[in-house]
Amino acid sequence: MTALLAIGNRDVADYVSALFLVYFILIFARILVSWIPRMPYNRSVGAVTRFLAEVTDPYLNLFRRIIPPIGGAGMAIDVSPMIAIILLMIVRSLVVGAIIN
């Protein structure tokens, strides 16, 4: 019981910061996987790709509705993940700062 009381604001802030970092890494992995050509018969790659899409697409779709891909048909660049990551970093700073103070 005393170990539970020893958890301070700093510990909670570190945990929340780590959760944001994990989500940032998942978004970055989603970006990298989108550059790799699809291998439709590889079940492992398909499972990882689906997992990354299911976890990150709800957040990224918020930005994709506002910011369309830039460029032509075959070479369109999706800048929404960059905006999403920047906003995620700002929110992380605000939330962790609020927990510490």
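FYI, side chains are in, hydrogens and waters are out, and symmetry mates aren't considered; it's all heavy atoms of this structure. Computed from a predicted structure; not experimentally measured.
Residues that satisfy the side chain to side chain contact (heavy atoms under 4.5 Å, CB included) test with L32, not counting sequence neighbours, are F28, W35. Checked against side chain to side chain contact (heavy atoms under 4.5 Å, CB included), I99 has the following partners two or more places apart in sequence or in another chain: V12, A13, V16, V95. With sequence neighbours excluded, the residues forming a side chain to side chain contact (heavy atoms under 4.5 Å, CB included) with A53 are R30, D57, listed by chain and number. Taking D78 as the reference, R64, S80 meet the side chain to side chain donor-acceptor pair (under 3.5 Å) condition, with sequence neighbours excluded. Not a single side chain to side chain donor-acceptor pair (under 3.5 Å) links S93 to another residue, sequence neighbours left out. Under the rule for a side chain to side chain contact (heavy atoms under 4.5 Å, CB included), the partners of V22 that lie at least two apart in sequence or sit in another chain are L26.
Residues V91 and I86 do not share a hydrophobic cluster, clusters being chains of Ile/Leu/Val/Met/Phe/Trp/Tyr side chains in contact below 4.5 Å.
Residues L21 and L19 are not in side-chain contact: their nearest non-hydrogen atoms beyond the backbone lie 4.5 Å or more apart. Between L94 and I90 there is a side-chain heavy-atom pair separated by less than 4.5 Å. Contact of the F63 side chain with the V79 side chain is not registered, since no non-hydrogen atoms from C-beta on lie closer than 4.5 Å.
Rounding to the nearest 0.5 Å places CD1 of I67 at 4.5 Å from CD1 of I83. Rounding to the nearest 0.5 angstrom, the gap separating the CD1 atom in I85 from the CZ atom in F24 is 5.0 Å.
Residue pairs meeting the side-chain hydrogen bond (donor to acceptor under 3.5 Å, both in side chains) criterion with at least one partner in residues 8-25, sequence neighbours excluded, are S17-R92.
Around CD1 of I77, the count of heavy atoms belonging to other residues, nucleotides or ligands within 6.0 Å does not exceed 12.
In terms of heavy atoms, P81 sits closest to I31 at CB-CD1, 3.5 Å. Minimum heavy-atom separation, P68 to I66: CD-O, 3.5 Å.
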